[in-house]
Amino acid sequence: MQSDTHQRARSLVDQGAVEGISPEEQRWLSRHTDECGECAGYAEMSQRAIRALDSFAFEIDPEAARRVQDAVRDRLIETRPRRRNLMAGIVAAMVLTVAGSLVMWALTGWMAERWGIPARAWQMGFAMFWVLPSILLDAVLVFGQRFIGEHLAVEEGESL
Amino acid sequence: MVAVAMADETEPQRIARALRRKDPDFIDGLVSQYHYRLLRYLTFLTSRREQAEDLVQETWLRVLERAWQYNGSSRFEPWLFAIARNLAMDDLRKRERTASDTVGECSASGDDSPFRAAAKSEDAMRISAALGALEPIYREALLLRFQEDLSLAEIAEVAGAPVATVSSRIQRGLAMLRGGLEGNSNAI
(Lines give C-alpha, C1' and ligand atoms only; values in the text may rest on other atoms or scores of the structure.)
Protein backbone atom coordinates (compact mmCIF):
# COMPACT_ATOMS: atom_id res chain seq x y z
CA MET A 1 0.00 0.00 0.00
CA GLN A 2 1.06 3.56 -0.64
CA SER A 3 2.71 5.27 2.33
CA ASP A 4 0.33 8.21 1.92
CA THR A 5 -2.55 5.76 2.43
CA HIS A 6 -1.10 4.77 5.79
CA GLN A 7 -0.47 8.40 6.55
CA ARG A 8 -4.08 9.20 5.74
CA ALA A 9 -5.25 6.34 7.95
CA ARG A 10 -3.19 7.53 10.92
CA SER A 11 -4.32 11.07 10.37
CA LEU A 12 -7.95 9.92 10.42
CA VAL A 13 -7.31 7.92 13.59
CA ASP A 14 -5.93 11.05 15.26
CA GLN A 15 -8.67 13.28 13.93
CA GLY A 16 -11.35 10.79 14.92
CA ALA A 17 -10.05 10.68 18.46
CA VAL A 18 -9.91 14.45 18.77
CA GLU A 19 -12.91 15.80 16.91
CA GLY A 20 -14.56 12.98 15.03
CA ILE A 21 -14.64 12.05 11.35
CA SER A 22 -17.42 11.68 8.83
CA PRO A 23 -19.21 8.33 8.36
CA GLU A 24 -17.59 8.03 4.93
CA GLU A 25 -14.14 8.55 6.38
CA GLN A 26 -14.93 6.04 9.14
CA ARG A 27 -15.92 3.44 6.56
CA TRP A 28 -12.71 4.05 4.60
CA LEU A 29 -10.67 3.75 7.79
CA SER A 30 -12.40 0.55 8.85
CA ARG A 31 -11.70 -1.04 5.46
CA HIS A 32 -8.05 0.02 5.68
CA THR A 33 -7.47 -1.22 9.22
CA ASP A 34 -9.08 -4.56 8.27
CA GLU A 35 -6.27 -4.97 5.77
CA CYS A 36 -3.38 -3.17 7.47
CA GLY A 37 -2.18 -4.61 10.78
CA GLU A 38 0.19 -1.73 11.41
CA CYS A 39 -2.49 0.94 11.14
CA ALA A 40 -4.89 -1.25 13.11
CA GLY A 41 -2.25 -1.38 15.83
CA TYR A 42 -1.85 2.39 15.71
CA ALA A 43 -5.61 2.82 16.16
CA GLU A 44 -5.68 0.31 18.99
CA MET A 45 -2.82 2.08 20.79
CA SER A 46 -4.68 5.40 20.53
CA GLN A 47 -7.80 3.87 22.03
CA ARG A 48 -5.78 2.22 24.79
CA ALA A 49 -4.15 5.56 25.64
CA ILE A 50 -7.54 7.24 25.86
CA ARG A 51 -8.95 4.43 28.00
CA ALA A 52 -5.87 4.61 30.22
CA LEU A 53 -6.63 8.27 30.95
CA ASP A 54 -9.93 7.10 32.39
CA SER A 55 -8.06 4.80 34.74
CA PHE A 56 -6.65 7.54 36.93
CA ALA A 57 -8.49 8.02 40.21
CA PHE A 58 -7.25 10.61 42.66
CA GLU A 59 -7.92 9.92 46.30
CA ILE A 60 -9.92 12.61 48.00
CA ASP A 61 -9.77 13.60 51.63
CA PRO A 62 -13.46 13.46 52.67
CA GLU A 63 -13.04 16.69 54.61
CA ALA A 64 -11.35 18.60 51.80
CA ALA A 65 -14.56 19.81 50.15
CA ARG A 66 -15.92 20.79 53.57
CA ARG A 67 -12.85 22.95 54.22
CA VAL A 68 -13.32 24.72 50.93
CA GLN A 69 -17.02 25.26 51.69
CA ASP A 70 -16.10 26.76 55.07
CA ALA A 71 -13.57 29.10 53.46
CA VAL A 72 -16.16 30.20 50.89
CA ARG A 73 -18.80 30.85 53.58
CA ASP A 74 -16.27 32.83 55.63
CA ARG A 75 -15.55 34.97 52.62
CA LEU A 76 -19.26 35.54 51.99
CA ILE A 77 -19.71 36.67 55.58
CA GLU A 78 -16.68 38.98 55.40
CA THR A 79 -17.74 40.72 52.23
CA ARG A 80 -21.41 41.30 53.04
CA PRO A 81 -20.87 44.10 55.67
CA ARG A 82 -18.38 45.87 53.42
CA ARG A 83 -20.84 45.96 50.56
CA ARG A 84 -23.67 47.04 52.83
CA ASN A 85 -21.49 49.79 54.29
CA LEU A 86 -20.60 50.96 50.83
CA MET A 87 -24.27 51.15 49.82
CA ALA A 88 -25.18 52.93 53.05
CA GLY A 89 -22.38 55.42 52.49
CA ILE A 90 -23.54 56.20 48.99
CA VAL A 91 -27.14 56.72 50.07
CA ALA A 92 -26.06 58.92 52.99
CA ALA A 93 -23.88 61.03 50.72
CA MET A 94 -26.76 61.57 48.30
CA VAL A 95 -29.20 62.51 51.06
CA LEU A 96 -26.72 64.94 52.62
CA THR A 97 -26.03 66.46 49.23
CA VAL A 98 -29.71 67.17 48.62
CA ALA A 99 -30.41 68.38 52.15
CA GLY A 100 -27.29 70.48 52.23
CA SER A 101 -28.13 72.01 48.87
CA LEU A 102 -31.60 73.04 50.06
CA VAL A 103 -30.17 74.65 53.19
CA MET A 104 -27.47 76.48 51.25
CA TRP A 105 -30.02 77.64 48.68
CA ALA A 106 -32.14 79.22 51.39
CA LEU A 107 -29.12 80.73 53.12
CA THR A 108 -27.66 82.10 49.90
CA GLY A 109 -31.01 83.57 48.91
CA TRP A 110 -31.32 85.29 52.29
CA MET A 111 -27.78 86.70 52.13
CA ALA A 112 -28.21 87.83 48.51
CA GLU A 113 -31.40 89.67 49.46
CA ARG A 114 -29.62 91.44 52.32
CA TRP A 115 -26.76 92.53 50.05
CA GLY A 116 -28.98 93.50 47.14
CA ILE A 117 -27.63 90.90 44.71
CA PRO A 118 -30.10 90.25 41.85
CA ALA A 119 -31.88 86.91 42.10
CA ARG A 120 -30.72 85.70 38.67
CA ALA A 121 -27.10 86.42 39.51
CA TRP A 122 -26.96 84.56 42.81
CA GLN A 123 -29.02 81.69 41.42
CA MET A 124 -26.65 81.20 38.47
CA GLY A 125 -23.66 81.42 40.79
CA PHE A 126 -25.20 78.87 43.11
CA ALA A 127 -25.86 76.48 40.21
CA MET A 128 -22.28 76.73 38.96
CA PHE A 129 -20.42 76.48 42.23
CA TRP A 130 -22.69 74.33 44.35
CA VAL A 131 -25.27 72.25 42.48
CA LEU A 132 -23.17 71.11 39.52
CA PRO A 133 -20.24 69.77 41.58
CA SER A 134 -22.71 67.95 43.86
CA ILE A 135 -24.47 66.35 40.88
CA LEU A 136 -21.14 65.30 39.41
CA LEU A 137 -20.07 63.75 42.70
CA ASP A 138 -23.33 61.82 43.02
CA ALA A 139 -22.97 60.56 39.43
CA VAL A 140 -19.48 59.31 40.23
CA LEU A 141 -20.77 57.55 43.33
CA VAL A 142 -23.74 55.95 41.56
CA PHE A 143 -22.06 54.84 38.33
CA GLY A 144 -18.78 54.21 40.02
CA GLN A 145 -20.35 51.81 42.50
CA ARG A 146 -19.66 48.85 40.29
CA PHE A 147 -16.08 49.98 39.76
CA ILE A 148 -15.60 50.37 43.49
CA GLY A 149 -17.20 46.96 44.06
CA GLU A 150 -14.80 45.40 41.58
CA HIS A 151 -11.90 47.22 43.19
CA LEU A 152 -12.93 45.77 46.55
CA ALA A 153 -13.10 42.35 44.91
CA VAL A 154 -9.59 42.81 43.53
CA GLU A 155 -8.34 43.87 46.97
CA GLU A 156 -9.92 40.77 48.47
CA GLY A 157 -8.26 38.64 45.86
CA GLU A 158 -4.87 40.21 46.52
CA SER A 159 -5.25 39.59 50.22
CA LEU A 160 -5.45 35.78 49.61
CA MET B 1 -29.35 23.26 46.65
CA VAL B 2 -32.01 25.64 47.86
CA ALA B 3 -32.29 28.02 44.90
CA VAL B 4 -35.72 27.78 43.37
CA ALA B 5 -35.67 27.11 39.65
CA MET B 6 -37.42 29.65 37.51
CA ALA B 7 -39.51 28.45 34.61
CA ASP B 8 -37.51 27.60 31.47
CA GLU B 9 -34.24 28.36 33.21
CA THR B 10 -31.24 26.33 32.09
CA GLU B 11 -28.77 24.93 34.58
CA PRO B 12 -26.07 27.46 33.63
CA GLN B 13 -28.57 30.29 34.09
CA ARG B 14 -29.57 28.92 37.47
CA ILE B 15 -25.92 28.79 38.49
CA ALA B 16 -25.33 32.34 37.26
CA ARG B 17 -28.31 33.62 39.22
CA ALA B 18 -27.24 31.86 42.41
CA LEU B 19 -23.66 33.11 42.11
CA ARG B 20 -24.78 36.72 41.67
CA ARG B 21 -27.07 36.41 44.68
CA LYS B 22 -24.19 34.77 46.58
CA ASP B 23 -26.52 31.97 47.66
CA PRO B 24 -24.39 30.11 50.26
CA ASP B 25 -26.27 26.81 50.13
CA PHE B 26 -26.19 26.68 46.35
CA ILE B 27 -22.50 27.51 46.28
CA ASP B 28 -21.85 24.77 48.85
CA GLY B 29 -23.49 22.36 46.44
CA LEU B 30 -21.36 23.59 43.55
CA VAL B 31 -18.20 23.14 45.60
CA SER B 32 -19.19 19.56 46.40
CA GLN B 33 -20.29 18.78 42.89
CA TYR B 34 -17.12 20.02 41.21
CA HIS B 35 -14.54 19.27 43.88
CA TYR B 36 -13.09 16.09 42.40
CA ARG B 37 -13.12 17.37 38.82
CA LEU B 38 -11.47 20.63 39.78
CA LEU B 39 -8.83 18.84 41.84
CA ARG B 40 -8.15 16.41 39.00
CA TYR B 41 -7.86 19.25 36.49
CA LEU B 42 -5.47 21.24 38.69
CA THR B 43 -3.39 18.15 39.42
CA PHE B 44 -3.08 17.49 35.69
CA LEU B 45 -2.12 21.08 35.13
CA THR B 46 0.40 21.48 37.92
CA SER B 47 1.46 17.84 38.50
CA ARG B 48 1.63 18.78 42.18
CA ARG B 49 -1.12 17.36 44.36
CA GLU B 50 -0.69 19.69 47.36
CA GLN B 51 -0.55 22.76 45.20
CA ALA B 52 -3.68 21.59 43.37
CA GLU B 53 -5.56 21.32 46.68
CA ASP B 54 -4.61 24.89 47.61
CA LEU B 55 -5.63 26.10 44.19
CA VAL B 56 -9.08 24.48 44.47
CA GLN B 57 -9.90 26.78 47.37
CA GLU B 58 -8.43 29.83 45.65
CA THR B 59 -10.48 29.04 42.58
CA TRP B 60 -13.77 29.13 44.46
CA LEU B 61 -12.83 32.37 46.21
CA ARG B 62 -12.04 33.85 42.81
CA VAL B 63 -15.40 32.53 41.52
CA LEU B 64 -17.08 34.55 44.27
CA GLU B 65 -15.22 37.71 43.26
CA ARG B 66 -15.96 37.26 39.57
CA ALA B 67 -19.53 35.97 39.92
CA TRP B 68 -20.83 39.02 38.05
CA GLN B 69 -18.87 37.92 34.95
CA TYR B 70 -20.75 34.64 34.47
CA ASN B 71 -24.11 35.13 32.80
CA GLY B 72 -25.13 31.51 32.16
CA SER B 73 -25.09 31.83 28.38
CA SER B 74 -22.58 28.96 28.15
CA ARG B 75 -21.73 25.96 30.29
CA PHE B 76 -20.30 26.56 33.75
CA GLU B 77 -17.37 24.14 33.41
CA PRO B 78 -15.31 26.13 30.86
CA TRP B 79 -15.67 29.30 32.94
CA LEU B 80 -14.73 27.49 36.15
CA PHE B 81 -11.74 25.74 34.59
CA ALA B 82 -10.56 29.00 32.99
CA ILE B 83 -10.45 30.63 36.43
CA ALA B 84 -8.59 27.64 37.85
CA ARG B 85 -6.18 27.70 34.93
CA ASN B 86 -5.29 31.35 35.38
CA LEU B 87 -4.51 30.78 39.04
CA ALA B 88 -2.45 27.69 38.25
CA MET B 89 -0.48 29.42 35.52
CA ASP B 90 0.26 32.40 37.79
CA ASP B 91 1.49 29.96 40.40
CA LEU B 92 3.60 28.04 37.89
CA ARG B 93 5.20 31.26 36.67
CA LYS B 94 6.08 32.26 40.25
CA ARG B 95 7.65 28.86 40.79
CA GLU B 96 9.61 29.15 37.56
CA ARG B 97 11.14 32.37 38.80
CA THR B 98 12.15 30.91 42.14
CA ALA B 99 12.64 27.16 41.69
CA SER B 100 15.16 25.20 39.66
CA ASP B 101 12.50 22.86 38.22
CA THR B 102 11.43 23.63 34.65
CA VAL B 103 7.79 23.95 33.71
CA GLY B 104 6.20 20.64 32.88
CA GLU B 105 8.39 18.40 34.95
CA CYS B 106 6.85 16.50 37.78
CA SER B 107 7.61 18.01 41.15
CA ALA B 108 9.04 14.66 42.07
CA SER B 109 9.94 11.89 39.72
CA GLY B 110 9.02 8.27 39.82
CA ASP B 111 7.26 7.10 42.93
CA ASP B 112 6.15 10.58 44.07
CA SER B 113 4.33 11.37 40.85
CA PRO B 114 0.65 12.16 41.49
CA PHE B 115 -0.14 10.31 38.25
CA ARG B 116 1.63 7.17 39.33
CA ALA B 117 -0.20 7.29 42.65
CA ALA B 118 -3.54 7.71 40.89
CA ALA B 119 -3.00 5.04 38.21
CA LYS B 120 -5.51 2.20 38.62
CA SER B 121 -4.68 0.03 35.65
CA GLU B 122 -1.59 -1.35 34.01
CA ASP B 123 -1.93 0.94 31.03
CA ALA B 124 -2.42 3.92 33.34
CA MET B 125 0.83 2.99 35.11
CA ARG B 126 2.58 2.81 31.75
CA ILE B 127 1.46 6.26 30.66
CA SER B 128 1.93 7.93 34.05
CA ALA B 129 5.59 8.68 33.32
CA ALA B 130 4.68 10.04 29.90
CA LEU B 131 2.04 12.24 31.52
CA GLY B 132 4.52 13.58 34.00
CA ALA B 133 6.95 14.41 31.21
CA LEU B 134 4.37 16.29 29.15
CA GLU B 135 4.10 20.04 29.41
CA PRO B 136 1.03 21.24 31.33
CA ILE B 137 -0.69 22.53 28.20
CA TYR B 138 -0.72 19.02 26.66
CA ARG B 139 -1.90 17.30 29.84
CA GLU B 140 -4.61 19.92 30.18
CA ALA B 141 -5.81 19.40 26.61
CA LEU B 142 -5.96 15.62 27.05
CA LEU B 143 -7.90 15.85 30.30
CA LEU B 144 -10.40 18.40 29.09
CA ARG B 145 -11.08 16.46 25.90
CA PHE B 146 -11.16 12.86 27.08
CA GLN B 147 -12.18 13.10 30.72
CA GLU B 148 -14.16 16.31 30.94
CA ASP B 149 -15.59 15.78 27.44
CA LEU B 150 -15.38 19.45 26.57
CA SER B 151 -15.70 20.44 22.92
CA LEU B 152 -12.66 21.82 21.12
CA ALA B 153 -14.24 25.29 21.22
CA GLU B 154 -14.75 25.03 24.98
CA ILE B 155 -11.19 23.83 25.52
CA ALA B 156 -9.99 26.74 23.39
CA GLU B 157 -11.97 29.08 25.65
CA VAL B 158 -10.38 27.61 28.77
CA ALA B 159 -6.86 27.58 27.38
CA GLY B 160 -7.07 30.92 25.60
CA ALA B 161 -5.77 29.32 22.41
CA PRO B 162 -7.18 28.80 18.90
CA VAL B 163 -9.12 25.61 18.18
CA ALA B 164 -6.44 24.42 15.75
CA THR B 165 -3.80 24.80 18.46
CA VAL B 166 -5.92 22.84 20.91
CA SER B 167 -6.42 20.06 18.35
CA SER B 168 -2.68 19.94 17.75
CA ARG B 169 -1.96 19.75 21.49
CA ILE B 170 -4.36 16.86 21.93
CA GLN B 171 -2.84 14.93 19.05
CA ARG B 172 0.67 15.56 20.29
CA GLY B 173 -0.29 14.56 23.80
CA LEU B 174 -1.86 11.35 22.49
CA ALA B 175 1.29 10.61 20.53
CA MET B 176 3.32 10.86 23.74
CA LEU B 177 0.93 8.56 25.55
CA ARG B 178 1.10 6.03 22.72
CA GLY B 179 4.85 6.17 23.12
CA GLY B 180 4.44 5.50 26.81
CA LEU B 181 2.32 2.45 26.11
CA GLU B 182 4.76 1.15 23.56
CA GLY B 183 7.60 1.71 26.02
CA ASN B 184 9.21 4.06 23.53
CA SER B 185 10.52 7.29 25.06
CA ASN B 186 10.83 8.89 21.61
CA ALA B 187 7.16 9.01 20.66
CA ILE B 188 6.11 9.58 17.06
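Here is the naming used below: chain letters follow the sequence lines, and residue numbers restart at 1 for every chain.
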Completion exercise
Counting heavy-atom pairs under 4.5 angstrom with chain A, the leader among B:L174, B:I27, B:L143 is B:L174
Handout entry: Derivation and outcome, side-chain contact (heavy atoms from CB on, under 4.5 Å), residues A:V72 and B:D28
Key = CA-CA 8 Å; A:V72 167; B:D28 267 358; 5.6 Å; no
Handout entry: Same apolar cluster (I L V M F W Y, side chains within < 4.5 Å links), B:M125/B:I127
Key = no
Completion exercise
Nearest heavy-atom approach of B:I170 to A:V18 is CG2-CG2, 3.5 Å
Exercise for the section: For the residue pair A:R75 and B:E65, establish whether any side-chain heavy-atom pair is separated by less than 4.5 Å. Expected result: yes
Exercise for the section: Find out whether B:T43 and A:F56 are in side-chain contact, i.e. whether some heavy atom of one side chain is under 4.5 Å from a heavy atom of the other. Expected result: no
Handout entry: A:M124 atom CE, neighbour heavy-atom count above 12 within 6.0 Å
Key = no
Exercise for the section: Treating Ile, Leu, Val, Met, Phe, Trp and Tyr as nodes and any side-chain heavy-atom pair under 4.5 angstrom as an edge, say whether A:F126 and A:L107 lie in one connected cluster. Expected result: yes
Practice task
Would you kindly confirm whether A:W105 and A:W110 end up in one hydrophobic cluster when ILVMFWY residues are joined by side chain heavy atoms under 4.5 Å apart?
Solution key: yes
Problem - Leading residue by heavy atom contact count with chain A [cutoff under 4.5 Å; candidates B:A141, B:P24, B:S167] - result: B:P24
Exercise for the section: Check whether any side-chain heavy atom of A:V68 sits under 4.5 Å from a side-chain heavy atom of B:H35, and report yes or no. Expected result: yes
Practice task
Quick one: pull up CG in B:D25 and CD in A:Q69 and give me the separation to the nearest 0.5 Å.
Solution key: 10.0 Å
Fill in the blank from the handout: Taking every heavy atom of B:L181 against every heavy atom of A:A49, the minimum-distance pair comes out as CD1-N, 3.5 Å
Problem - Over 12 non-hydrogen atoms of neighbours within 6.0 angstrom of CD in A:E113 - result: no
Completion exercise
Answer key: most heavy-atom pairs under 4.5 Å with chain B among A:R48, A:E19, A:Q15, A:R51 is A:R48
Fill in the blank from the handout: Rounded to the nearest 0.5 Å, the OG atom of A:S55 sits from the CZ atom of B:R126 at a distance of 12.5 Å
Practice task
Measure across A:F58 and B:P114 and return the closest heavy-atom pair with its distance rounded to 0.1 Å.
Solution key: CE2-O, 3.7 Å
Practice task
Could you tell me whether a side-chain N or O of B:Y36 sits under 3.5 Å from a main-chain N or O of A:E59, the two making a donor and an acceptor?
Solution key: no
Problem - Sub-4.5 Å side-chain heavy-atom contact between B:L177 and A:L53 - result: yes
Handout entry: Test: B:R178 and A:D14 ion pair at under 4.0 Å
Key = yes
Exercise for the section: Let me know if B:F44 has heavy atoms under 4.5 Å from chain A in its side chain, its backbone, both or neither. Expected result: side chain
Practice task
Tell me, yes or no, whether the heavy-atom count around B:R20 atom CZ, taken from other residues, nucleotides or ligands under 6.0 Å, exceeds 12.
Solution key: yes
Problem - Atom group of A:R73 that falls short of 4.5 Å from chain B, counting heavy atoms - result: side chain
Handout entry: Side-chain heavy-atom pair A:D54, B:F146 within 4.5 angstrom cut-off
Key = no
Handout entry: Same cluster (ILVMFWY, side-chain, under 4.5 Å), A:W115 and A:W122
Key = yes
Exercise for the section: Could you tell me whether B:Q69 atom CD has more than 12 heavy atoms of other residues or ligands within 6.0 Å of it? Expected result: yes
Completion exercise
Turns out that what part of A:R67 lies under 4.5 Å from chain B's heavy atoms comes down to backbone
Problem - Cluster overlap A:I90 with A:V98, hydrophobic side-chain contacts below 4.5 Å - result: no
